[in-house]
There are 2 protein chains.
Amino acid sequence: MNETETEPAPQRGTVTQRAIERIKAMIAEGLLEPGARLPTERELAAQLGISRSSMREAIRALTVMGVLEARHGSGIYVTQLQAGDLLENFGVVADLSRGPRLVELLEVRRILESTATALAAARITPEQLAEVERHLAAMNATDDPEEILAHDLAFHREIALAAGNETMAAILEGLSSRTFRARVWRGYQEEGAFARTRREHAAIHRALAARDPEAARAAAAAHVGEVEEWLRAQLGG
Amino acid sequence: MNETETEPAPQRGTVTQRAIERIKAMIAEGLLEPGARLPTERELAAQLGISRSSMREAIRALTVMGVLEARHGSGIYVTQLQAGDLLENFGVVADLSRGPRLVELLEVRRILESTATALAAARITPEQLAEVERHLAAMNATDDPEEILAHDLAFHREIALAAGNETMAAILEGLSSRTFRARVWRGYQEEGAFARTRREHAAIHRALAARDPEAARAAAAAHVGEVEEWLRAQLGG
DNA sequence: CCGCTGTAGTGGTCCGACCACCTGGCTGGC
DNA sequence: GCCAGCCAGGTGGTCGGACCACTACAGCGG
């Protein structure tokens, strides 16, 4: 391979790795706006002087990171680079963590969730509060664990959104991913924790309706803390 | 909208996507222990009945997620699945976020960093405290922005580790990634914020040495909050 | 016994072909 | 003139095979 005669650092790592950095840099520098369409795979490969296979791997990597989006038959596009896009695969952390790692994850969630709930108490709109109440009611109206879980997730998601920080909401979404919750809660709920959970959710809602940030923070921290303590005991014993 | 009425599970998405899920599931179910070596690419491809190219893309995806690690000439291995492994590429979020998103990111960091610093005040060991002091001294002993930045990062990393939650430390690491800090601080530091930063760092250290969690929380929150406010003003004006 | 070397096997890269899908223009009827 | 439907071109998705770069280890020679 030839190089530009004066370049002392032609190749750092693998070809694919370089392609990833190049495209990432292009986006960081603003050469590629969010939503913009990239050249075709074949063209990109030619531009960087690599094979289409390697370019495809680079694109796959950026797709996983949530930076690019490939639409079959249409083209490759830059995502909106919203928090949700970039944190979409954050859930795998929760899905593949085990043992002490799970407790750490719940501790992080407790910190963020309590703060988010406190913020939400101050900022939530009547419409959002109504939505929260809807999920709360639906959660109490059924005994199907699947449905309860779904409304539970939606309940907290709505609160996180009401906090006004989309990034935090996206992170919490990952920390509460469906499979994660299902895994941890399977045992937790079997111990008849339904009643306790309902009480805690009611307390959170009460604090939100009263616009009391401190009460909301405490209620949310206790809510997550309950699960955290249970899980800690599971591991310890 | 509804599907899967007729066929149980013919083919959900693309071939590569299925391969990713399969391998991820194998790890989640414990069939592949952390550090274990996988079959060769060619073998894996044959097992799942797909081409090696597609399998390579799947492996690349899992590599980016921090789940797998490919060693040229040796083989493919499952990572230790530590927080650091899975959150390694979390930094891209910080690197590619702009405008209001950056403020949100700093807000999340402020919440986590203040809590982590408070925890560290209660748990830090003499050795760790000495290390923190070393970085503090090195930071004050030079005027080279690069060096200051490096020790600044190490200063906070040491504190996060002392908090005893590796997952939180890894997330904070991502939220403080080198390029992110460099981007935001370029302007911030140019306004003669060196002195203020040093004062804030000193305050954090003082709280740690005094084992005062509340003071540590306040100092850390103020430290990050300063940058946050500055950035907010930059965007507002 | 140690160190060097050769080699088999691994991931990394490239090529060229074909398939599946989407898009937009064109055709044809109304 | 307008619109539905068809159709061709272009796009990402998949495949198979070949070769390169690197690693690990067995075997040789000192």
Side-chain angles (χ1 to χ4, degrees), chain A residues 1-3 9-24 26-27 32 35-79 85 88-89, chain B residues 1 3 7 9-24 26-27 32 35-79 85 88-89:
Chain A
M1 292 294 282
N2 59 355
E3 57 283 333
Q11 20 205 34
R12 314 182 279 281
T14 69
V15 178
T16 304
Q17 202 63 37
R18 269 183 290 161
I20 295 175
E21 297 301 331
R22 284 282 295 271
I23 296 179
K24 209 163 63 177
M26 277 195 268
I27 296 175
L32 289 173
R37 188 192 150 164
L38 278 70
T40 70
E41 293 180 345
R42 295 161 173 88
E43 215 169 314
L44 279 172
Q47 283 182 20
L48 298 190
I50 66 179
S51 73
R52 196 187 156 203
S53 312
S54 300
M55 177 54 72
R56 274 190 60 78
E57 283 195 34
I59 292 170
R60 168 72 61 181
L62 290 164
T63 298
V64 169
M65 294 187 211
V67 175
L68 297 183
E69 178 190 1
R71 299 181 206 156
H72 192 168
S74 175
I76 307 166
Y77 302 81
V78 181
T79 67
D85 298 324
E88 193 164 345
N89 98 316
Chain B
M1 298 302 179
E3 68 289 321
E7 289 295 327
Q11 343 230 67
R12 304 190 291 278
T14 67
V15 177
T16 304
Q17 200 65 37
R18 268 182 290 160
I20 295 175
E21 297 301 331
R22 284 283 293 271
I23 297 179
K24 209 162 62 177
M26 277 194 269
I27 296 175
L32 290 172
R37 189 196 147 157
L38 277 70
T40 71
E41 294 180 345
R42 296 163 173 86
E43 213 169 317
L44 278 172
Q47 283 181 19
L48 298 190
I50 66 178
S51 72
R52 195 187 158 203
S53 313
S54 301
M55 177 53 72
R56 274 191 61 79
E57 283 194 35
I59 292 170
R60 168 72 61 182
L62 290 164
T63 297
V64 169
M65 294 186 211
V67 174
L68 297 183
E69 179 190 0
R71 299 181 206 155
H72 191 169
S74 174
I76 308 167
Y77 302 82
V78 181
T79 68
D85 298 325
E88 194 164 345
N89 96 318

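Letters go in sequence order (proteins before strands), and every chain restarts at 1.
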Under the criterion side chain to side chain contact (heavy atoms under 4.5 Å, CB included), I'd like the reasoning laid out for A:I27 against A:K24: C-alpha separation, chi angles, the key distance, then a yes or no. CA-CA 5 Å; A:I27 296 175; A:K24 209 163 63 177; 5.9 Å; no
Taking atom types as they are modelled, is there a donor-acceptor pair under 3.5 Å from the base of [N] to the side chain of [X]?
| X | N | value |
| --- | --- | --- |
| B:R60 | C:dG11 | no |
| A:R42 | D:dG12 | yes |
| B:S54 | D:dC15 | no |

Let me know the distance between [atom1] of [X] and [atom2] of [N], rounded to the nearest Å.
| X | N | atom1 | atom2 | result |
| --- | --- | --- | --- | --- |
| A:I59 | D:dT11 | CD1 | P | 13 Å |
| B:E57 | D:dG13 | CD | P | 8 Å |
| B:M55 | C:dG12 | CE | C1' | 16 Å |
| B:H72 | C:dT13 | NE2 | P | 8 Å |
| B:E43 | C:dG9 | CD | P | 12 Å |
| B:E41 | D:dC19 | CD | P | 18 Å |
| B:Q17 | D:dG12 | CD | P | 17 Å |
| A:R18 | C:dG12 | CZ | P | 14 Å |

Heavy atoms from C-beta onward define the side chain here; which of [options] lies closest to that of [X]?
| X | options | result |
| --- | --- | --- |
| A:T40 | D:dT14, D:dG12, D:dC15 | D:dG12 |
| B:R56 | D:dG13, D:dT14, C:dG12 | C:dG12 |
| A:S53 | C:dC15, D:dC15, D:dG12 | C:dC15 |
| B:I76 | D:dC15, C:dG11, D:dT11 | C:dG11 |

Minimal heavy-atom distance between B:P39 and B:Q47, with the atoms involved, is CG-NE2, 4.1 Å
What are the two closest heavy atoms between B:R37 and B:T40, and how far apart are they? NH2-CG2, 4.3 Å
Is A:S74 near enough to C:dC22 that one of its side-chain N or O atoms lies under 4.0 angstrom from OP1 or OP2?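 Checking A:S74 against C:dC22: no side-chain N or O falls below 4.0 Å of OP1 or OP2.
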Can you see if the side chain of A:T16 gets near the phosphate of C:dT13 - specifically, an N or O under 4.0 Å from OP1 or OP2?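 Answer is yes, contact under 4.0 Å.
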Have a look at B:T14 and say if it touches a base, only the backbone sugar-phosphate, or nothing, with a 4.0 Å heavy-atom cut-off.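 Sugar-phosphate: the residue B:T14, judged by heavy atoms under 4.0 Å, touches backbone atoms but no base.
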One should read off an interatomic distance between A:L62 CG and A:I76 CD1, to the nearest 0.5 angstrom, of 10.0 Å
What's the separation between atom CZ in A:R18 and atom CD1 in A:I50, rounded to the nearest 0.5 Å? 8.5 Å
Between B:L38 and A:R71, which is nearer to the 5' end of DNA chain C once each is assigned its nearest nucleotide? B:L38
Take A:R52 and A:G73, find for each the nucleotide of DNA chain C with the closest heavy atom, and name the residue whose nucleotide sits nearer the 5' end.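 In this pair, the answer is A:R52.
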